[in-house]
Amino acid sequence: MKIYNAMTRRKEEFVPLEGKNVRMYACGITVYDLCHIGHARQAIVYAMIADYLRYMGYNVKYVRNYTDVDDKIIKRANEFGKNALDFSEEQIKETEIDMAGLHVTDADIYTKASEYIDKIINFVSELIKKGYAYPTEKGDVYYSVRKFPEYGKLSRRKVDELLNGVRVEVEEGKENPIDFALWKSAKPGEISWDSPWGKGRPGWHIECSAMALDTLGETIDIHGGGRDLLFPHHENEIAQSEALTGKKFANFWTYCGLIKINGEKMSKSLGNSLTIRDALKKYNYEAIKYVMFSKHYASDVDILDIDYQIAESHLYYFYTTIKNMLDFANNYGGNENEEGLANDISAEIVSNFVEVMDDDFNTSAALANLHSIFKYANASMKAAKKNNRRATANTMLKILKELHEAYSVLGLFEQNPEHFIAGLKCKYLKKIRLDEDYIKEQIEKRAEAKKSKDFEMADSIRDDLDGKGIILNDSREGTSWDVKALYKIG
RNA sequence: GGCGACAUAGCCAAGUGGCUAAGGCACGAGUCUGCAAAACUCUGAUCCCCGGUUCGAGUCCGGGUGUCGCCUCCA
């Protein structure tokens with residue numbers, strides 16, 4: 001298995017430090033507001049990585065944190081007249097609702113900064129003792145970047161160059177403008193804890209170092225986060241952790257790309273952010289995952305509304321085919337343990353999946369494979385003649401078994417096909433303000449017209465429905481209806 | 001200003017040295033159909049520009065152009 005390592009800037013063979021045990025940490029969320037779709041991508045991506053590693057036989061210990069104390073949280077809590085920790089606790093609950101809505105696999109451990117105050121204070125004290133940090137008269141503690149010669153190794157920045165880009169105002173007591181806060185003294189009215197340096201709270205970067213060290217040990221296998229955390233957050237994590245332990249902090253540094261909307265980074269201030277909550281109101285959760293997995297996890301991507309619609313129509317096609325496969329197998333007495341078709345592709349499904357996923361989690365290629373699988377299934381059922389229907393039925397079941405085995409790693413095909421199909425149809429009917437009874441009436445009217453060979457009448461009924469967004473499908477068993485938007489996109 | 005990423009068909013997107021450059025959307029043709037639809041089959045790009053390395057490059061190196069990100073909180 002190869003994983004791209006941002007530290008070395010190349011794909012490397014992934015070997016855990018300790019046998020089959022993988023220690024993985026992903027920087028989680030600062031809970032100052034509802035999560036947006038970018039948080040969803042990061043959570044989905046790292047859950048997928050953990051799931052795939054488990055699928056490949058590793059024992060994974062996956063830790064995510066919540067930053068529940070920070071400037072933004074304090075500000076927002078004050079706006080609502082709430083205690084900062086009460087506020088962040090509420091926001092964590094909201095986040096959990098969103099993640100459950102997305103059916104994201106849980107991490108093994110969730111940590112909160114507020115529960116790590118003692119450990120953070122010890123961490124900071126140790127850094128002071130070792131000469132990597134210094135307190136100021138005001139009660140702040142700063143990390144002395146100059147003392148850590150390797151500073152900049154992840155982001156490839158040089159300390160001297162960083163000085164050029166630094167803001168003019170320098171906080172009181174800082175020895176060097178690029179030094180960053182490990183501990184922030186409390187301002188009036190702010191939440192605070194007692195410390196050797198007076199009342200205050202942890203700096204942002206130290207939280208992750210302390211929580212990762214405590215839950216996973218001195219060196220972790222895979223560290224992850226959004227691309228925007230590479231500098232300074234992760235650079236600072238390395239400086240803190242490696243100064244303390246003298247050991248390498250993480251073997252693999254991985255980054256999830258950022259989501260853009262119309263070419264611009266998604267952000268509150270631009271007013272272009274899409275919350276998970278709103279996304280789930282509009283699209284099925286598997287469609288959201290499908291969109292995320294249709295691009296490589298590390299690329300920054302521009303995601304438009306149309307992409308979710310296309311994803312939904314793909315899933316509609318997949319689920320419809322799955323339903324047809326199950327019906328076919330049912331009708332012709334399929335048994336997955338019996339011999340199937342001669343050119344059966346089911347045996348390759350899992351191996352193809354593993355092959356592309358082993359290459360830095362190429363989910364896009366994994367999704368591409370789905371199309372050929374379902375095409376094969378549809379073509380086989382269509383071509384099935386009387387004498388090989390049983391074999392075809394057996395093959396359909398074998399394919400479904402393999403599909404579920406592999407693609408559960410991506411969280412796809414978890415839903416009951418009939419429910420999924422009905423759910424989407426229902427959603428679109430609401431959107432175009434039609435009810436099913438009306439459609440059924442029209443179908444009956446058209447059936448009568450057809451019976452009396454009044455094709456003009458029949459066609460006009462069909463055209464009328466088509467104009468409303470409903471397409472009809474005549475078959476030997478009768479006429480069924482479907483939502484046009486689930487087929488014709490754009 | 002500093003650091004970095006990316007640039008593949010109308011659109012989305014995989015592919016980091018080697019058979020005919022995945023897959024999807026849209027477009028067109030066909031099978032099927034009373035006609036349609038769905039499904040299936042077929043159909044499209046020499047990879048931003050210039051130069052170099054190599055038997056051979058979308059894939060490596062240098063230069064240019066463009067887009068974006070980070071350098072302040074940010075998944």
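Here is how names work: the chains are called A, B, and so on, in the same order as the sequence lines, proteins then strands, and each is numbered from 1. A quick note: this is a predicted structure, and the numbers were derived from the prediction, not measured. When reading the values below, keep in mind they use all heavy atoms of this one structure, side chains included, and skip hydrogens, waters and symmetry mates.
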Between atom [atom1] in [X] and atom [atom2] in [N], what is the gap in whole Å?
{"X": "A/Asp463", "N": "B/C35", "atom1": "CG", "atom2": "C1'", "answer": "10 Å"}
{"X": "A/Glu237", "N": "B/A75", "atom1": "CD", "atom2": "C1'", "answer": "13 Å"}
{"X": "A/Asn369", "N": "B/G24", "atom1": "CG", "atom2": "P", "answer": "11 Å"}
{"X": "A/Trp253", "N": "B/A5", "atom1": "CH2", "atom2": "C1'", "answer": "19 Å"}
{"X": "A/Tyr255", "N": "B/C6", "atom1": "OH", "atom2": "C1'", "answer": "18 Å"}
{"X": "A/Phe328", "N": "B/A39", "atom1": "CZ", "atom2": "C1'", "answer": "14 Å"}

Pick base, sugar-phosphate or nothing for [X], based on heavy-atom distances below 4.0 Å to the nucleic acid.
{"X": "A/Ser313", "result": "nothing"}
{"X": "A/Arg157", "result": "base"}
{"X": "A/Gly257", "result": "base"}
{"X": "A/Gly225", "result": "sugar-phosphate"}
{"X": "A/His314", "result": "sugar-phosphate"}
{"X": "A/Ile471", "result": "sugar-phosphate"}
{"X": "A/Ile259", "result": "base"}
{"X": "A/Lys72", "result": "base"}

At under 4.0 Å, does any side-chain N or O of [X] touch on OP1 or OP2 of [N]?
{"X": "A/Thr30", "N": "B/A75", "answer": "yes"}
{"X": "A/Lys260", "N": "B/A75", "answer": "no"}
{"X": "A/Tyr317", "N": "B/C40", "answer": "yes"}
{"X": "A/Lys453", "N": "B/G34", "answer": "no"}

- Message: Test your reading of the model: is there a side-chain donor-acceptor pair from A/Asp68 to the backbone of A/Ser114, 3.5 Å cut-off?
- Response: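 Here the side-chain-to-backbone pair exists.
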
- Query: So A/Phe252 and A/Phe14, would you call those rings parallel, tilted or perpendicular, with 30° and 60° as cut-offs?
  - Reply: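 Ring orientation, 0 to 90° scale: perpendicular.
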
- Message: Parallel, tilted or perpendicular: which one describes the rings of A/Tyr319 and A/Phe420, with boundaries at 30° and 60°?
- Response: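 Judged by the thresholds at 30° and 60°, the geometry between A/Tyr319 and A/Phe420 is parallel.
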
Of the nucleotides [options], which has the atom closest to the [X] side chain?
{"X": "A/Ala458", "options": "B/C40, B/G23, B/G34", "result": "B/G34"}
{"X": "A/Ser364", "options": "B/G23, B/C40, B/A13", "result": "B/A13"}
{"X": "A/Arg9", "options": "B/G4, B/A75, B/A36", "result": "B/G4"}
{"X": "A/Arg462", "options": "B/C35, B/A75, B/G34", "result": "B/C35"}
{"X": "A/Asn362", "options": "B/G15, B/A22, B/A36", "result": "B/G15"}
{"X": "A/Phe231", "options": "B/C71, B/A14, B/G34", "result": "B/C71"}
{"X": "A/Lys382", "options": "B/A75, B/A14, B/A39", "result": "B/A39"}
{"X": "A/Ala368", "options": "B/A22, B/A39, B/G15", "result": "B/A22"}
{"X": "A/Ala365", "options": "B/C70, B/A38, B/A14", "result": "B/A14"}
{"X": "A/Asp474", "options": "B/U41, B/A36, B/G4", "result": "B/A36"}

- Message: For A/Leu472 and A/Asp307, find the nucleotide of RNA chain B closest to each by heavy atoms; which residue's nucleotide sits nearer the 5' end?
- Response: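 Nearest nucleotide further toward 5': that of A/Asp307.
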
- Item | Along RNA chain B (nearest heavy atom to each residue), the more 5'-positioned of A/Asn473 and A/Asp459 |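 The residue closer to the strand's 5' end, by nearest nucleotide, is A/Asp459.
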
- Message: Please name the nucleotide paired to B/U41 by Watson-Crick or G-U wobble geometry with both distances under 3.5 Å, or report none.
- Response: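 Answer to the pairing question: B/A29, which forms a Watson-Crick or G-U pair with B/U41.
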
- Query: Is the A/Phe318 to A/His371 ring centre distance short of 6.0 Å?
  - Reply: yes

- Task: Report yes if the distance between the aromatic ring centroids of A/Phe374 and A/Tyr407 is under 6.0 Å, otherwise no.
- Result: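 Ring centroids of A/Phe374 and A/Tyr407 are no less than 6.0 Å from each other.
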
- Item | A/Arg10 bridged to A/Asp360 by N-O distance under 4.0 Å | no

- Item | Exercise: identify the closest heavy-atom pair between A/Glu190 and A/Arg201 | OE1-NE, 3.4 Å

